[in-house]
Amino acid sequence: MQHTLSISLQEATIEFSMGLYTVRFHAEAVLDLNQIMRVEDARRDLLPGGTGPVLVLIPKNVALVEQEALAWMGTEPAMQGVPARAVVVPSSIQVLRDQIRWALFKPAVPFRIFRNPQVAKGWALDTWYDQQVGQEIDAFGDLRKLDV
């Protein structure tokens with residue numbers, strides 16, 4: 001039995017399960033900056049104070065995805081409390097742009113764009129896990145100092 005917390009909006013369905021937020025945009029949605037910001041606000045309201053990686057799924061039959069909206073999802077304000085965000089888009093051009101950006105600039109925020117949902121989910125969970133392991137190692141180091 002899998003426990004899932006979810007909310008359905010006009011433009012998307014947001015689920016929280018096993019530490020992962022999944023945002024599934026509905027078919028023929030228009031994803032402009034305002035729309036993306038509203039959905040992100042709803043995601044944050046789903047579990048106030050909750051943090052976790054985010055997987056955003058944009059269907060192939062989406063009406064429009066603005067580049068500005070995709071870029072905003074990787075900004076500091078959008079990534080507040082988000083250890084990793086993976087976005088799955090139907091456009092290979094968007095993925096290529098992200099790969100070039102990642103190769104040239106090595107962004108500080110863990111935000112990537114993918115075509116394959118399984119690869120995206122794996123990357124988001126791995127990135128989150130790597131951050132958690134780092135915190136656990138630091139905690140063990142602090143405990144060793146106390147035992148001395």
Side-chain angles (χ1 to χ4, degrees), residues 1-140:
M1 184 170 153
Q2 184 175 351
H3 299 283
T4 302
L5 181 62
S6 68
I7 186 171
S8 190
L9 307 171
Q10 180 179 358
E11 57 275 343
T13 300
I14 305 167
E15 300 173 345
F16 181 74
S17 179
M18 299 180 69
L20 176 71
Y21 289 94
T22 304
V23 179
R24 297 175 199 279
F25 282 96
H26 300 154
E28 301 184 16
V30 175
L31 304 180
D32 61 6
L33 181 58
N34 290 329
Q35 191 82 300
I36 293 288
M37 292 173 88
R38 278 193 298 274
V39 170
E40 178 61 17
D41 288 342
R43 185 198 64 78
R44 290 177 190 272
D45 291 342
L46 181 63
L47 191 61
T51 62
V54 178
L55 175 64
V56 178
L57 303 172
I58 299 174
K60 292 178 181 171
N61 55 351
V62 69
L64 173 70
V65 179
E66 285 187 354
Q67 179 61 32
E68 182 183 14
L70 281 179
W72 179 83
M73 283 193 273
T75 63
E76 288 289 335
M79 294 297 291
Q80 201 72 23
V82 177
R85 185 187 316 262
V87 180
V88 178
V89 296
S91 169
S92 296
I93 293 172
Q94 296 289 357
V95 175
L96 182 61
R97 280 183 186 168
D98 183 65
Q99 289 174 344
I100 291 169
R101 177 187 64 87
W102 191 263
L104 295 177
F105 301 111
K106 300 287 188 222
V109 295
F111 170 80
R112 296 292 309 265
I113 297 175
F114 298 89
R115 288 261 309 145
N116 184 311
Q118 286 304 107
V119 173
K121 182 178 180 179
W123 176 85
L125 290 172
D126 286 348
T127 301
W128 178 52
Y129 176 74
D130 288 346
Q131 292 173 6
Q132 297 302 313
V133 168
Q135 292 172 3
E136 289 174 4
I137 290 171
D138 290 345
F140 285 133

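Count residues from 1 along the sequence.
Contact of the Lys121 side chain with the Val119 side chain is not registered, since no non-hydrogen atoms from C-beta on lie closer than 4.5 Å. A 4.5 Å side-chain heavy-atom check between His26 and Thr13 finds at least one atom pair inside the cut-off. Using a 4.5 Å heavy-atom threshold, the side chains of Met73 and Met79 count as separate. Proximity of Pro110 to Trp123: side-chain heavy atoms (C-beta onward) are separated by under 4.5 Å at one or more points. Side-chain contact check for Val65 versus Leu70: some heavy-atom pair is nearer than 4.5 Å. In this structure, the side chains of Val56 and Val54 come closer than 4.5 Å at one or more pairs of heavy atoms.
For Glu68 against Leu33, the heavy-atom pair with the smallest separation is OE2-CD2, 3.5 Å. Counting all heavy atoms, side chain and backbone alike, Ser6 lies closest to Leu46 at C-CD1, 4.1 Å. Taking both residues in full, the closest heavy atoms of Phe114 and Ala120 are given as CD1-CB, 3.5 Å, listed atom of the first, atom of the second, then distance. Asn61 approaches Ala27 most closely through the heavy-atom pair ND2-CB, 3.2 Å. Contact record, Leu31 with Phe25: CD2-CD2, 3.3 Å, taken as the closest heavy-atom pair. The two residues Ile58 and Pro90 make their nearest non-hydrogen contact at O-CD, 3.8 Å.
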Practice item. Could you walk me through whether Leu5 and Leu47 pass the side-chain contact (heavy atoms from CB on, under 4.5 Å) test, one step at a time? Key: CA-CA 9 Å; Leu5 181 62; Leu47 191 61; 4.1 Å; yes
Practice item. Carefully, step by step, assess Val23 and Leu57 under the rule side-chain contact (heavy atoms from CB on, under 4.5 Å). Key: CA-CA 6 Å; Val23 179; Leu57 303 172; over 6 Å; no
Review point. Taking it one step at a time, do Glu11 and Arg24 satisfy salt bridge (charged side-chain N to carboxylate O under 4.0 Å, His left out)?
Key: CA-CA 9 Å; Glu11 57 275 343; Arg24 297 175 199 279; over 6 Å; no
Practice item. Kindly indicate, with the supporting measurements, whether the criterion side-chain contact (heavy atoms from CB on, under 4.5 Å) is fulfilled by Arg112 and Val87. Key: CA-CA 6 Å; Arg112 296 292 309 265; Val87 180; over 6 Å; no
Exercise for review: List the steps and the verdict of side-chain contact (heavy atoms from CB on, under 4.5 Å) for Glu40 and Arg85.
Suggested key: CA-CA 12 Å; Glu40 178 61 17; Arg85 185 187 316 262; 3.0 Å; yes
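A distance of 12.5 Å separates CG in Leu64 from CD in Glu28, rounded to the nearest 0.5 Å. Here the CD1-CG distance, from Ile36 to Asn34, works out to 10.5 Å after rounding to the nearest 0.5 Å. Rounded to the nearest 0.5 angstrom, Asp32 CG and Met37 CE are separated by 10.5 Å. The distance from the CZ atom of Phe16 to the CD1 atom of Ile7 is 14.5 Å, given to the nearest 0.5 Å.
The side-chain tip of Arg43 points at the ring of Tyr21 from less than 6.0 angstrom away and within 45° of straight on.
Side-chain N or O atoms of Gln131 include one that pairs as donor or acceptor with a backbone N or O of Pro83 at under 3.5 Å.
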